[in-house]
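Since this is a predicted model, take the numbers as computed values, not measurements.
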Amino acid sequence: EKMTKTKPADPSNRVGSLGGSDIANILGIGFGTPLETYEQTLGIAPSSEMSDRMKWGHLLEDPIAKEYAEVTGKKVARVNRTLEHSDHPFLTAHLDRRIVGESAILEIKTTNVFASEWGETGTDQVPDRYQVQIAHYMNITRTERADVAVLIGGQELRLFSVERNERLIDICQEAAVKFWRDHIEKQVPPDPATNAECSKAYSKHTIGRTIALSGDLLQNLQALERVKEDQKHLKKQRDLCEHSIKLQMTDAEAIEQDGRAVATWTNQTSRRLDTKALKEAHPDIYEEFLRETVSRTFRLKTKFIKELTG
């Protein structure tokens, strides 16, 4: 039997391999997108600072691990190595802890108080994105179980136990290997998964190029038109509600109940550059720092869509 390979750990380096959170992104259920994973793996992603969520998750990892050991009576140990799949070394794992004396690993998480995705302690009901992450880890480590310790809202610890699921492991591995072969090795980016990624990927139009209207396109255009109409209606309702409230507040700065503010309406001061005055007073300076930007704007031809709808 082939053994899991290891190398010195560097969890912050996501270049050149696919880790647990990448699998969730590839399957479309992670915090990121396939395109973001593609860019991070190739080392071409824009640099970004560690988020507060990630920072606190890292800082709280050790005390959560200690509390898990205290509550369960189990001994846990760090794994200061990057683990690699024996057949596919680009599939890697950075474990939080291993459970000593058992064929099991410990995954540590933190989340806010709105933890509706998490089940009751003692069950295996963890969010799907973490199910595939720990399935990936169990695949690489050949372990039979993963315990998950999650700190909710900084005050409630829930413990979960997830058994090895060969079918899920196969799904994760097949998707990861296909992603690696189709995109990373060929350096062909996956399709944009969000509106923002579409706008970035296709930032310029080709003059004179058009596409034919299909039935599928028409359905999406009609759906978008309905959403825009709903947004207009909701904005009108919002404005009416705010208007009614403000009429009663007049010059009051807040609405209170038992000494606590329910709503506020206060002055805010901001400073903005008066470009019109600058252009008139110092046209040379204005021209020196003037920068031209190009953006691609999407517009619905509402009248024509309604004609097609009948």
Colleague: What heavy-atom pair brings Pro46 and Glu39 nearest, and what distance separates the two atoms?
Modeller: CD-OE1, 4.1 Å

Colleague: Is Leu151 reachable from Trp118 through a run of hydrophobic residues whose side-chain heavy atoms are each under 4.5 Å from the next?
Modeller: no

Colleague: Would Asp182 and Val188 count as a side chain to side chain contact (heavy atoms under 4.5 Å, CB included) if you check the C-alpha gap in whole Å, the side-chain angles of each, and the deciding distance to 0.1 Å?
Modeller: CA-CA 7 Å; Asp182 292 350; Val188 175; over 6 Å; no

Colleague: Arg167: what forms a side chain to side chain donor-acceptor pair (under 3.5 Å) with it, not counting sequence neighbours?
Modeller: none

Colleague: Restricting to non-hydrogen atoms, name the atom on Cys198 and the atom on Pro192 that form the minimum distance, rounded to 0.1 Å.
Modeller: N-CB, 3.6 Å

Colleague: Ignoring hydrogens, what is the shortest heavy-atom contact between Ala176 and Leu18? Give both atom names and the distance.
Modeller: O-CD1, 3.7 Å

Colleague: If you apply the rule side chain to side chain contact (heavy atoms under 4.5 Å, CB included), what do you find for Glu84 with Ile140, and how did you get there?
Modeller: CA-CA 7 Å; Glu84 298 178 346; Ile140 291 175; 5.9 Å; no

Colleague: Restricting to non-hydrogen atoms, name the atom on Gly57 and the atom on Thr110 that form the minimum distance, rounded to 0.1 Å.
Modeller: CA-OG1, 3.7 Å

Colleague: Are side-chain heavy atoms of Arg164 and Glu166 found at a separation under 4.5 Å?
Modeller: yes

Colleague: So how far is it from Glu197 CD to Thr33 OG1, rounded to the nearest 0.5 Å?
Modeller: 3.5 Å

Colleague: Could you tell me whether the side chain of His85 reaches within less than 4.5 Å of the side chain of Phe90, counting heavy atoms only?
Modeller: no

Colleague: So with a 6.0 Å cut-off around CD of Glu163, is the heavy-atom count from everything else above 12?
Modeller: yes

Colleague: Ser86 and Arg142: side-chain donor and acceptor closer than 3.5 Å?
Modeller: yes

Colleague: Please test Arg299 against Thr297 for side-chain hydrogen bond (donor to acceptor under 3.5 Å, both in side chains), starting from the C-alpha separation and ending with a verdict.
Modeller: CA-CA 6 Å; Arg299 293 187 179 92; Thr297 304; 4.6 Å; no

Colleague: Scan the side chains in residues 199-214 for donor-acceptor partners under 3.5 Å anywhere in the protein, sequence neighbours excluded, and list what turns up.
Modeller:
unit_1, atom_1, unit_2, atom_2, d
Ser199, OG, Asn195, O, 3.2
Ser214, OG, Leu217, N, 3.2

Colleague: Check the hydrophobic clustering (I, L, V, M, F, W, Y; side-chain heavy atoms under 4.5 Å; chains of links allowed) and say if Trp56 and Leu157 are grouped together.
Modeller: no

Colleague: Could you list the donor-acceptor pairs under 3.5 angstrom formed by side chains in residues 243-265, with sequence neighbours left out?
Modeller:
unit_1, atom_1, unit_2, atom_2, d
Lys246, NZ, Glu242, OE1, 3.4

Colleague: Can you tell me how far apart OG1 (Thr82) and CG (Leu95) are? Round to the nearest 0.5 Å.
Modeller: 9.5 Å

Colleague: May I have the list of side-chain donor-acceptor pairs in residues 58-69 shorter than 3.5 Å, sequence neighbours left out?
Modeller:
unit_1, atom_1, unit_2, atom_2, d
Glu61, OE2, Arg97, NH1, 2.8
Asp62, OD1, Arg78, NH2, 3.3
Asp62, OD1, Arg97, NH2, 3.2
Asp62, OD2, Lys66, NZ, 3.3
Tyr68, OH, Asp147, OD2, 2.5

Colleague: Distance-only check: which donor-acceptor pairs under 3.5 Å involve side-chain atoms of residues 224-237, not counting sequence neighbours?
Modeller:
unit_1, atom_1, unit_2, atom_2, d
Glu225, OE1, Thr302, OG1, 3.3
Lys235, NZ, Asp239, OD2, 3.0

Colleague: Can you tell me how far CZ of Arg181 sits from NE2 of His88, rounded to the nearest 0.5 angstrom?
Modeller: 6.5 Å

Colleague: Linking I/L/V/M/F/W/Y whenever their side-chain heavy atoms sit closer than 4.5 Å, directly or via other members, would Phe160 and Ile108 fall into one cluster?
Modeller: no

Colleague: May I ask whether Leu273 and Tyr286 are part of the same hydrophobic cluster, defined by side-chain heavy atoms of I, L, V, M, F, W, Y residues being less than 4.5 angstrom apart, directly or through others?
Modeller: yes

Colleague: Show the numbers, then the answer: is there a side chain to side chain contact (heavy atoms under 4.5 Å, CB included) between Phe179 and Thr37?
Modeller: CA-CA 10 Å; Phe179 184 86; Thr37 291; 4.0 Å; yes

Colleague: How long is the straight-line distance from CD1 of Ile23 back to CG of Leu91, given to the nearest 0.5 Å?
Modeller: 6.0 Å

Colleague: Please report the shortest heavy-atom distance between Ala149 and Leu159, naming the atom on each side.
Modeller: CB-CD2, 3.6 Å

Colleague: Check whether any side-chain heavy atom of Leu106 sits under 4.5 Å from a side-chain heavy atom of Ile99, and report yes or no.
Modeller: yes

Colleague: Has His136 got a side-chain atom pairing as donor or acceptor with Thr92's backbone, closer than 3.5 angstrom?
Modeller: yes

Colleague: Enter the distance from Asp22:CG to Thr41:OG1 here, rounded to the nearest 0.5 Å.
Modeller: 5.0 Å

Colleague: Roughly how far apart are Arg145 CZ and Met138 CE, rounded to 0.5 Å?
Modeller: 9.5 Å

Colleague: Could you check whether Asn139 and Gln173, counting side-chain N and O atoms only, form a donor-acceptor pair closer than 3.5 Å?
Modeller: yes

Colleague: Would you give me the side-chain donor-acceptor pairs under 3.5 Å for residues 125-133, sequence neighbours excluded?
Modeller:
unit_1, atom_1, unit_2, atom_2, d
Arg129, NH1, Glu117, OE1, 3.4
Arg129, NH1, Glu117, OE2, 3.2
Arg129, NH2, Glu117, OE1, 2.9
Gln131, NE2, Asp124, O, 3.0
Gln133, OE1, Lys109, NZ, 2.9
Gln133, NE2, Glu107, OE2, 3.4
Gln133, NE2, Tyr137, OH, 3.1

Colleague: Grouping I, L, V, M, F, W and Y whenever their side-chain heavy atoms are under 4.5 Å apart, do Phe31 and Ile152 come out in a common cluster?
Modeller: yes

